[in-house]
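Reading through the structure tokens given below for one structure.
Convention: sequence-line order gives letters A, B, ...; per-chain numbering from 1. Remember, predicted model here, so these are calculated numbers, not experimental data.
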Protein chains: 2
Amino acid sequence: MATLGDLERAVMDLLWEHQEAITANSLRDLLSQRPSTEDSTVESRPLAVTTVLTVLSRLEKKGLVERERSSRPHRYRAVTSREDHTAELMLEVLGSAPDREAVLARFIGTVSPGEAETLRKLLGH
Amino acid sequence: MATLGDLERAVMDLLWEHQEAITANSLRDLLSQRPSTEDSTVESRPLAVTTVLTVLSRLEKKGLVERERSSRPHRYRAVTSREDHTAELMLEVLGSAPDREAVLARFIGTVSPGEAETLRKLLGH
DNA sequence: ATAGAACTTCTACAACAAGTAGAAAAGTAT
DNA sequence: ATACTTTTCTACTTGTTGTAGAAGTTCTAT
């Protein structure tokens, strides 16, 4: 399902950081501060607003973003939190295969001790 | 990184089912039995072997497949097990964000009771 | 050793996703 | 009404994937 491109991802990251819905113009400004590829040598021209709007439309079509059409410069917000979205993606990757448990075993083996501790608590011993 | 197309995925699934390395021809045969979209009405022409070879080359480039160039019809095998691959993908999705624990919390909330039990055991006492 | 078969590599094209943005249309404010 | 802002439409470019023919290479059987 939802595999995001670099710009789409950058936009989602900004939306996730913002509790309130924000406009395409604000997003463009925020994006121009946040250099895409951490390449300090080049100061690239900021994106056109239409570019941001196109991306937002696509994200809306994908169900990741919704917009307030009521407020005049439309305002956009993420539909789900980053955590929920990531967790959903992980589930999607995990899938409904018969080897789910084996996958989980491998997965668990890689989390940090601190996280393992957290998980243990969450699972309620 | 590795987002696979439908055919690439189908090929990987077959390779994962096979312990031994197999040829492109065998794969083509297996693929023609396994209908891609479960659409029983249409009996589509089997793929050309070159198609399978192209896909295998791409999977090789992605590091998911390796081939025995020694045996004459080259034989292909998956580099990692499906479980390992899936677990890696999950980790990739989880990423190195600061909200990893929050994501894990959401994630854990969705696994089945049986799986939760398994996880509990895996995490130790 | 050689012709034909089998196999691999090269090249190519169509379809689609994603980055990018101008042109045109629609809404707003004075 | 008119100038300005915002949104939608349309479009081009690049990269990925499905698809496979053409060309090149390597066997194999005689």
Side-chain angles (χ1 to χ4, degrees), chain A residues 1-15 21-32 34-37 39 42-77 89 92, chain B residues 1-15 21-32 34-37 39 42-77 89 92:
Chain A
M1 152 316 230
T3 183
L4 302 182
D6 290 345
L7 181 52
E8 292 177 323
R9 161 63 64 177
V11 167
M12 285 311 297
D13 280 343
L14 287 172
L15 292 179
I22 54 182
T23 67
N25 271 293
S26 310
L27 280 169
R28 188 216 40 227
D29 295 344
L30 292 167
L31 284 167
S32 60
R34 169 155 323 200
S36 47
T37 312
D39 186 348
V42 185
E43 190 63 28
S44 57
R45 173 175 57 132
L47 296 173
V49 182
T50 49
T51 299
V52 179
L53 286 171
T54 301
V55 168
L56 285 167
S57 294
R58 288 175 182 164
L59 289 172
E60 190 186 28
K61 192 175 306 173
K62 291 183 184 180
L64 295 181
V65 159
E66 66 189 3
R67 79 172 87 185
E68 290 172 6
R69 285 200 143 83
S70 47
S71 61
R72 201 63 259 294
H74 293 178
R75 285 171 179 278
Y76 300 80
R77 89 167 60 72
L89 268 193
E92 197 180 306
Chain B
M1 118 15 200
T3 182
L4 301 182
D6 290 346
L7 182 52
E8 291 178 324
R9 161 62 63 176
V11 167
M12 285 311 297
D13 280 342
L14 288 171
L15 291 180
I22 55 182
T23 67
N25 269 295
S26 310
L27 280 169
R28 187 217 39 227
D29 295 344
L30 292 167
L31 283 167
S32 59
R34 169 154 325 199
S36 48
T37 314
D39 186 350
V42 183
E43 190 62 29
S44 58
R45 173 173 57 130
L47 295 173
V49 182
T50 50
T51 299
V52 179
L53 285 170
T54 301
V55 169
L56 285 167
S57 295
R58 289 173 181 167
L59 289 171
E60 191 186 28
K61 192 175 308 174
K62 291 182 187 180
L64 296 180
V65 158
E66 65 189 5
R67 79 172 88 187
E68 289 172 6
R69 284 200 143 82
S70 47
S71 60
R72 203 63 261 292
H74 293 177
R75 287 171 178 276
Y76 300 80
R77 87 167 64 74
L89 268 192
E92 198 179 305

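- Within the 4.5 Å cutoff, no side-chain heavy atoms of B:N25 are placed close to those of B:V52.
- Scored by the side-chain hydrogen bond (donor to acceptor under 3.5 Å, both in side chains) test, B:R58 finds no partners at all (sequence neighbours excluded).
- Put simply, NZ on A:K61 is 13 Å from P on C:dC16, counting in whole angstrom units.
- Using a 4.5 Å heavy-atom threshold, the side chains of B:L15 and B:L27 count as touching.
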Problem set entry | Per-nucleotide protein contact string for nucleotides 18-27 of chain D, where B marks a base within reach and S marks sugar-phosphate only (heavy atoms under 4.0 Å, - for neither) | BBBBB---SS
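- Each end of the helix from C:dA1-D:dT30 to C:dT30-D:dA1 gets its own axis from five base pairs, and the two axes differ in direction by 10°, given to 10 degrees.
- Between B:L64 atom CG and D:dT17 atom P the separation is 11 Å, expressed in whole Å.
- Proximity of A:R28 to the phosphate of D:dT6: no side-chain N or O atom is located under 4.0 Å from OP1 or OP2.
- Applying the side-chain hydrogen bond (donor to acceptor under 3.5 Å, both in side chains) criterion to B:T54, with sequence neighbours excluded, gives no partner residue.
- For the pair A:K62 and A:L4, the tightest heavy-atom approach, listed with the atom from each and the gap, is NZ-CD2, 3.9 Å.
- Summarising the geometry, the separation between CG on A:L59 and P on C:dT20 is reported as 13 Å, rounded to the nearest angstrom.
- For A:T3 against A:E8, the heavy-atom pair with the smallest separation is O-OE1, 4.2 Å.
- Remark: B:T51 engages no residue in a side-chain hydrogen bond (donor to acceptor under 3.5 Å, both in side chains) (not counting sequence neighbours).
- Contact annotation: A:R75 side-chain N/O to D:dT7 OP1/OP2 distance is not under 4.0 Å.
- When the side-chain nitrogen and oxygen atoms of A:K62 are compared with OP1 and OP2 of C:dA18, one or more of them lie within a distance under 4.0 Å.
- Residue B:N25 places none of its side-chain N or O atoms closer than 4.0 Å to OP1 or OP2 of C:dA6.
- Counting heavy atoms from C-beta outward, A:R67 and A:R77 have side chains that stay 4.5 Å or more apart.
- At the phosphate of D:dT7, OP1 or OP2 sits under 4.0 Å from a side-chain N or O atom of A:H74.
- No donor-acceptor distance shorter than 3.5 angstrom exists from the side chain of B:R75 to the backbone of B:I22, with no hydrogens or angles considered.
- For A:R67, the side-chain atoms get nearest to D:dT8 when compared with the rest of C:dC7, D:dT8, D:dT6.
- What separates CZ of A:R69 from P of C:dG27 is a distance of 12 Å, to the nearest Å.
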For this session: Check step by step if side chain to side chain contact (heavy atoms under 4.5 Å, CB included) holds for A:L47 and A:L7.
Result: CA-CA 10 Å; A:L47 296 173; A:L7 181 52; 3.7 Å; yes
Look for any protein N or O under 3.5 Å of an N or O in nucleotides 2-4 of chain C and output each such pair with its distance, or none.
none

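- Using a distance-only test at 3.5 Å, with no hydrogens or angles considered, a donor-acceptor pair links the side chain of B:T23 to the main chain of B:S26.
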